[in-house]
Structures are given as structure tokens and as C-alpha cells.
Amino acid sequence: MKNWASVDPSSVPFIQTELPGPKSKEVHERCSTYMKGYSSQVRLFPVAFDSGFGYTLTDVDGNKYIDFSSGIYVTGLGHCHPKISEAVATYAKKLMNCHDFSTTVKMELMEKLHEITGGRFGGFQLYDSGTTAVEAGLRCARAATGKFEFYSFWRDFHGKTLGSVSCAVVGADSHMRAPGFYLAPRPNPYRDAFGRSKEEAMKDSTPYIRMLEGMIDNESTGNVAAIVFEPIQGWGGSVVPPDDYIPALRDLCNRKGILLFADEVLNCMARTGKFLAMDHWNTTADITTLGKGFGNGFPVTAMCVSKDLAPAIEKISASSSYGGNPMACAAALASIEVIEEEKLNERSTELGELFLKRMNEMMERHPIIGDVRGKGCLLAIELVKDRETKEPFAEAGSMVYQKAFSKGLAWVPSGHILRLSPPMILDDEIALKGLDIIEEAVAETEKHFGY
């Protein structure tokens, strides 16, 4: 089923109305009368989608877009993959929910998870959202250690409920952080906190480890249960840490008797070219959360814990109403099988190299592009007003996003950082076509601002 999603490159994008089109405007206006709290994606470009196939999206006006968003890092295996859709449909007709009782498909998923993670984890629990899995991980860490404090990092993202929000600062939610949660800086080689060049910062994360250790020693009460982090930042702009950073975090946790909690909700399932991003650094966390691409769009997530921590799951009332329902298990199992059968870890790596090569060429031609980065199909373009000062250029970010969308590219903004999360099934020609659209939008934006 390897090329199931391929389309004639000349057929996409296909735009037949102004964008957003008249039906999109009507649908969004009627929907937003009641629906509140839309993301910046929608506020900047309020299109209404009707269907998706592979790496394309079609709106209610019949316009067809290349998808560089994957439903915000979710449908990395393509919209409506036949195998995954069939797996969900089977259980939608057979058994939709039976709380947390065992089922054959759940058994098969547990065994497959154990297999693809190399037997590193001794306990799993299933949920229906990333933030729920993170909350369970926080409770598990407290139950296992008897400690109550957590350290996490600037611009990481972990969810939108109290515990997960407390691990981050995200807009207006920053005032909601609970006591006992501390934030520390983490390496961002392009914006190194110690004034080094990107090349220098990529070689050595020692200053960040020393700072974190000092903060733990001097700020906490000595009751730190876990250090919580994204191996590669998602919302923060696809920031890849130096290669020595994650092994050094593991060493720090070992020395301090602190658990290491890797939130892989966004990173997992071939997004970075591995099932787990931690595998890039041959490092295992004590607690790991999976989500987004885990079910390729179906709401299924997981908390995975080491063998030593497995008994702690029994202490936290871990089950949930929807977690592990047969449809969810079928979606997750089929998604793993698709990655294996279609060799999508390898394909994600190939696409990442293709994207970064082309994005670096764009950076050479366009002064407002300050940095390009990523791993696999987790990528970003950072826009600045001046490369020397690196002042963020949020106005340009919004304009480039809107211009590219109006040309038929669906993707993800984040202020001055433009995030790319293309599906791993993209053909090279379509990938390059989408990047051409972005470069056109950048060039038009530079002209608008007088560059």
C-alpha cells in the first residue's frame, strides 16, 4: 500500500475560489457563533475543511491544499489511511467501549508496544489525550518517589490541564501554574543563553546542565520527583538540542535520584525518524508519554513507565472512561504496523534531509529567515527582522503563513516561527512544491516590508 496516497503533482494545489471561500466563511461564521477558543491557525485563516486524502485537504468550497500540518502533528501517516480507517471501522461496528476490560486488540497493542520499544518499559496505560497522559505521568512520578516537585523547561509544551500547564508557560495560562513546579532554561542553539554561536552551542550543553543542577540544589525543597521535557520542542519551534544534552540529563537524574520524564506526545511515531525521539540519543526515560500520531488522528495516547515504576501505576487510579477502547487500540496498532510496513521511519529521515537542504537554500536567499532546523518531519523556519540582532519578526510570520495558505498550503504558525509537520508519506515533488509556495510567500512578505 506504499503509494496509496500519490496524486498527480499538477493537480495540487487546486484553488477555484478566493480563500477562504464563500462556503468556508459561512460555515466558520455559523460555527464560531457558539465555538470559542480557536487556535491562531484558524484565526489567521478561517477555512472550513470537508475531507482529506493522504497529504491533501479539501475545503467545503472544493479547493484542495497540500498539507504541511498533519492536523497539527497528528496525521503523519496521511489522512484516512485505508488500513487505519478499516481498523477503526471494524471496531466501530463490533465493540466501541468496554471500559478497561481486556480485549484481543488491546492485548495485541500492548505486545506490539513492548516489541517496538525493545522491552524497556514494564507498564503501559492508555488515554484519549496527550494532556491526560502527561497528568497520569506526573501522578505516577509522585506515587513512585513520594516526592512532589517537578522541573521542566522554557517553551516546552505539555498540555492544557493544571499539572501539564504547570510544566510550561503558554500565553495566558502562565498565571495558572501550581506550586511545586519550576522552570529552567534549555538549549536553543540559535538563541544560546550564554551568548555563543549556534555552532558552538551545538557542541556543548554543559552550562545548561550546571544551571539546572544549581536551580535544583538552591530552589527546590529537595523533593523533586521528575524532570519533565520534550526531547525535541514542538510548540517552541522544532528546537533540536545538542547531542550531549539528553544523555547529560539522564546522568543528572541518576545522580540526584530524580526520574526522567520524556513527553513524546508530539515527537513519537516516526515524526523525527524514530518511533521515539529519545532513540536518537540512545537514552531511555523512566516515564514516556505517546500521543498525536500514535493513532494517526484517532484520539489515543499512552503513558509508558520503566519496569521499576510499573507498580506505581496501580496506586494512581490510572484507568479512564475512553482510554484503551477497542477503536483506539485498533487505530494505534494499525498505525504502528503502517510505519513498519511502509518503512516510514526511514522515509521521515529522507524527507527531513530534503526539507533542510531546500530550507537552507531559502535562508541564503532571504534575509528575514534567521534559522531553519529540525529532525525528520519536525521542522521550523524562524523569521527575524535582522540577523545580527535576531529580533523576532512576528508580523512577517503571520503574513507568510497567510500568503502561503492562500496559495494552497495548509500549515502551522507560531508567532515568528513557522512550523512544518508534513506527513511522512509525501512524494519528493510535492514536498518541494510546498516549499516553493513558502519561498514565494517569504519573497512577497519581504517586498511588503521593504527588504
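FYI, side chains are in, hydrogens and waters are out, and symmetry mates aren't considered; it's all heavy atoms of this structure.
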Ring-face cation of K390 near Y190 (centre distance under 6.0 Å, axis angle within 45°)
yes
Walk me through it: do K307 and D286 pass the test salt bridge (Lys or Arg N to Asp or Glu O under 4.0 Å)?
CA-CA 9 Å; K307 294 173 183 176; D286 301 293; over 6 Å; no
Quick check on F194: does its CZ atom have over 12 non-hydrogen neighbours (other residues, nucleotides or ligands) under 6.0 Å away?
yes
Identify whether the distance between the nearest side-chain nitrogen and carboxylate oxygen of E340 and K112 falls below 4.0 Å.
yes
Go through the steps to decide whether T75 and S70 satisfy the test side chain to side chain donor-acceptor pair (under 3.5 Å), and finish with yes or no.
CA-CA 5 Å; T75 54; S70 299; 4.5 Å; no
Regarding E29 and K25, does a basic nitrogen lie under 4.0 Å from an acidic carboxylate oxygen?
no
Does S32 reach the side chain of Y38, with side-chain heavy atoms less than 4.5 Å apart?
yes
If we check ring pair (Phe, Tyr, Trp, His ring centres under 6.0 Å) with F68, which of these qualifies: F405, F355, W411?
F355
Salt-bridge test for R255 and E213: reply yes if a basic N is under 4.0 Å from a carboxylate O, no otherwise.
yes
Pair K256 + D251, salt bridge at N-O below 4.0 Å
no
R347/D427 ion pair, N-O < 4.0 Å:
no
Return each pair, listed once, that meets salt bridge (charged side-chain N to carboxylate O under 4.0 Å, His left out) where at least one residue sits in residues 134-150; pairs must be two or more places apart or across chains.
none
Quick one about D50 and T58 (side-chain donor to acceptor, distance below 3.5 Å, no hydrogens or angles considered), yes or no?
no
Sub-6.0 Å ring centroid separation between F53 and W4
yes
Are R271 and E264 ion-paired here, with the side-chain N under 4.0 Å from a carboxylate O?
no
Under 4.0 Å between a Lys/Arg side-chain N and an Asp/Glu carboxylate O for K198 and D192?
no
Is a donor from one side chain sitting under 3.5 angstrom from an acceptor on the other, for S69 and S421?
no
Going by atom types only, do D244 and S205 share a side-chain donor-acceptor pair under 3.5 Å?
yes
Is it true that the side chains of H158 and S152 contain a donor and an acceptor less than 3.5 Å apart?
no
Quick check on the 6.0 Å ring-centre criterion: do F229 and Y151 meet it?
no
Looking at R186 and E230, is there a salt bridge between them, counting it only when a charged N and a carboxylate O are closer than 4.0 Å?
no
Consider only side-chain N and O atoms of S306 and D308, and report whether a donor and an acceptor are under 3.5 Å apart.
no
E346 atom CD, over 12 foreign heavy atoms within 6.0 Å:
yes
Between Y322 and N97, does any side-chain donor sit less than 3.5 Å from a side-chain acceptor?
no
Interatomic spacing from CD1 in I381 to CE in M359 - rounded to 0.5 Å:
4.5 Å
